[in-house]
Amino acid sequence: MPLPDTMFCAQQIHIPPELPDILKQFTKAAIRTQPTDVLQWSAGYFSALSRGDPLPVKDRVEMPVATQKVDTGLTQGLLKVLHKQCRHKKYVELAELEKKWRNLCLPMERLRALLVLDHCETEIEWIKFLALGCSSLGGSLNTAMKHVCEILTQDPEGGPARIPFETFSFVYRYLAGLDPDIMEMDVESYLMGLKESVDSRKNGMIGLSDFYIPKRKLS
Amino acid sequence: AAVPAPGAAESAARRRDARGRGQEPEMPLAVDLPGKPAGRNCLETPPPSGTPGSGACSSRLLLRQPRVAPTSRPAAAPRLVEFLLLALPSTLWLRRLPNVHLLHRKQGSSTPDMTSALTDRTSGAMGTYTYTSRPRVLPCQRRRYRDNLLQPEEEPMRYGNIMYDRRVIRGNTYALHTGSLSGQTDPLELQRAQAAKRRALARKRAQEQLRPRTPEPVEGRKHVNVQTELYLEEIADRVIEVDMECQTDAFLDKPPTPLFIPAKTGRDVATQILEGELFDFDLEVKPMLEVLVGKTIEQALLEVMEEEELANLQASQHAYEEIRNVELAEVQRLEEQERRHREEKERRKQQQWEIINKHNETAQKISARAFAQRYLADLLPSVFGSLRDSGYFYDPIERDIEIGFLPWLMNEVEKTMEYSMVGRTVLDMLIREVVERRLNTYEQKDNRYPSLRSEGFYDPRVMGETLGNYDPNLPQTQEPLRSYSQERRFIEEG
């Protein structure tokens with residue numbers, strides 16, 4: 001009778017049957033997300049996995065070209081990940097947000113710089129933080145609104161990316177209020193103009209095509 | 001002729017044997033050929049005939065046998081024999097009966113070359129077969145009796161000396177032609193022999209064809225050779241046949257091929273291994289881990305790529321759909337605009353057409369009016385003139401006077417005049433009456449007073465009337481004239 005804890009050959013090594021699947025999913029997530037610090041990200045991944053929270057995984061592979069220009073490390077995909085993790089709450093605690101931020105291997109300075117814009121103590125309204133993140137992605141207010149739309153929308157990727165007009169106007173007002181250069185009158189008139197065109201379509205949803213005219217690609 | 005022939009052959013054979021396969025081995029055989037019929041008979045007849053030892057006796061027997069039982073013998077037998085002789089000289093038949101005779105005879109007289117004589121003769125029957133080492137009868141395996149000890153080897157194995165074979169050319173080949181010629185017999189005789197042989201063959205063939213054959217055996221039977229000799233002999237060296245039976249199993253499936261286990265090589269040795277000496281987990285787990293990790297990464301990469309591709313496709317599809325929707329809306333908008341424009345255009349066109357039509361109409365009317373005016377300007381006076389001329393424009397009072405009053409007046413005048421005329425006429429008639437009466441009276445008086453007449457009143461009318469009285473026509477013509485003039489007078493007076 002062989003001793004139970006004695007191994008004589010490689011065939012005796014037992015692999016848990018769920019290990020390959022977990023490993024595969026993890027590998028896929030890692031490939032997709034491309035974290036700069038894999039270890040940090042893995043800790044976040046597995047803690048989220050064990051708690052049953054939404055995983056810090058990007059839906060799509062993002063080419064990191066866009067981020068290198070502004071060198072923030074923050075991308076739309078990462079914001080989307082954060083949104084996925086936090087959208088169930090209206091207010092997010094800063095500590096939790098910080099943890100999540102770190103798990104995504106993003107620099108803390110960046111978070112601080114973002115939070116400076118909104119004066120808050122312990123928690124921040126999630127939609128505002130999202131708006132701030134989008135505005136920090138670079139570009140004009142319109143580009144930020146485009147990012148907001150693309151993150152918040154329920155439409156499939158590449159679709160019209162529609163969001164409720166209330167949300168849109170809230171985010172727009174918030175972002176415009178942060179910028180001292182933009183007059184409130186202009187904001188209101190702009191929103192009124194948009195509202196008319198949105199109301200004409202009755203469903204109260206505003207899409208990318210309503211306010212964002214992409215630059216024509218050189219063909 | 002038949003009798004001496006075997007003898008001659010025999011003696012020739014013996015002589016040859018004595019000489020130990022002599023120099024000209026085939027010559028006697030060739031000479032033998034003319035005596036062939038007997039030999040042929042012997043060959044055709046069944047086994048026991050082959051008793052070459054006593055030539056006369058045997059040949060007599062041979063000759064007699066076909067005569068004795070030509071029909072009782074199976075037709076196939078001679079042919080069988082011949083076949084056996086030709087093809088299998090050492091088969092059963094030759095081995096059997098001649099040897100029996102041989103053995104019998106051996107006890108009496110030792111004729112060592114008997115079998116050779118037999119073979120000689122059989123070979124002679126074959127004719128063309130001339131090789132010296134011809135097929136022989138096999139020595140009998142089982143002997144009934146013990147061999148004579150004195151007798152030497154039963155059948156010394158004789159091999160033909162190839163140097164004496166006729167087919168082997170010896171010596172100088174230049175002299176071959178003449179040498180062979182000299183060695184041969186008279187060509188004429190040879191020819192004759194050949195002719196005879198041909199004839200014999202032909203005869204044999206004809207006979208064979210003519211001879212009735214035994215019918216084929218019926219179903220379930222078969223022909224068996226029977227001994228028909230005078231003396232029944234036991235067939236001694238019959239091969240004992242035993243029927244054996246064996247039941248094989250029904251077909252079984254092929255059993256599975258047993259696992260091939262190579263034969264063990266090397267030597268078994270044993271040694272003591274302590275725990276942990278043989279198995280290093282870290283080392284052993286490495287390939288497994290490599291496989292696990294490598295496979296996982298490979299698969300994950302593949303899946304990610306595939307999903308990315310699909311997602312890209314989907315995204316582009318959605319984007320395309322979005323663009324398409326927008327463009328559709330735009331197209332619809334443009335179409336609507338176009339439609340409105342078209343309608344507007346149509347309406348305007350219609351309007352313009354109406355205006356133009358009205359213009360045209362007006363212009364036409366005006367021109368027509370002008371033309372008519374100009375045309376009628378000339379026409380009116382003439383029409384009025386002609387109408388006036390033709391009396392279409394009149395004074396109603398005047399016309400009434402003309403139409404109503406004047407005729408009435410005329411009528412009234414006429415009537416009045418007629419009354420006056422009637423009155424005058426009546427007056428005339430009265431006058432006439434009076435005148436006539438007066439005339440009558442005058443005449444009567446005249447007759448009384450003839451002077452009165454000339455002094456009386458003179459009146460032309462009376463004269464005329466008087467004249468008229470004479471002419472019957474005159475009063476009638478004078479009357480209207482007078483009335484007319486009277487009328488005229490009335491009118492002028494009135």
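Chain A is the first sequence line, chain B the second, and so forth, proteins listed ahead of strands; every chain is numbered from 1.
Residues of residues 318-341 of chain B lying within less than 4.5 angstrom of chain A, judged on heavy atoms, are B:His318, B:Ala319, B:Glu322, B:Val326 in numerical order. Using non-hydrogen atoms only and a strict 4.5 Å limit, no part of residues 359-371 of chain B faces chain A.
If you measure heavy-atom distances from B:Leu283 to chain A, you find no contacts under 4.5 Å at all. Contact annotation for A:Asp21: neither backbone nor side-chain heavy atoms come within less than 4.5 Å of a heavy atom of chain B.
Taken from CZ in A:Arg32 to CD in B:Glu303, the straight-line distance is 9.0 Å, to the nearest 0.5 Å.
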* Asked: Yes or no on side chain to side chain contact (heavy atoms under 4.5 Å, CB included) for B:Ile297 and A:Leu23, after CA distance, side-chain angles and deciding distance?
  -> CA-CA 9 Å; B:Ile297 287 185; A:Leu23 208 56; over 6 Å; no
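Applying the 6.0 Å contact sphere to CD of B:Gln373 captures more than 12 heavy atoms from other residues, nucleotides or ligands. By the 6.0 Å contact criterion, CD1 on B:Ile355 is enclosed, its count of non-hydrogen atoms from other residues, nucleotides or ligands being greater than 12. The 12-atom threshold is exceeded at CE of A:Met108, counting heavy atoms of other residues, nucleotides or ligands nearer than 6.0 Å.
Contact annotation: the side chain of A:Lys24 never approaches that of B:Lys295 to less than 4.5 Å [non-hydrogen atoms, C-beta and beyond]. For the pair B:Val293 and A:Thr27, the minimum side-chain heavy-atom distance is 4.5 Å or more.
Listed here is the closest heavy atom pair of A:Ile15 and B:Met288: CD1-SD, 3.5 Å.
For the options B:Glu307, B:Gln317, B:Gln314, B:Gln299, heavy-atom pairs under 4.5 Å to chain A are most numerous at B:Glu307.
None of B:Leu302, B:Val304, B:Leu301 except one satisfies the side-chain contact (heavy atoms from CB on, under 4.5 Å) rule with A:Lys28; the exception is B:Val304.
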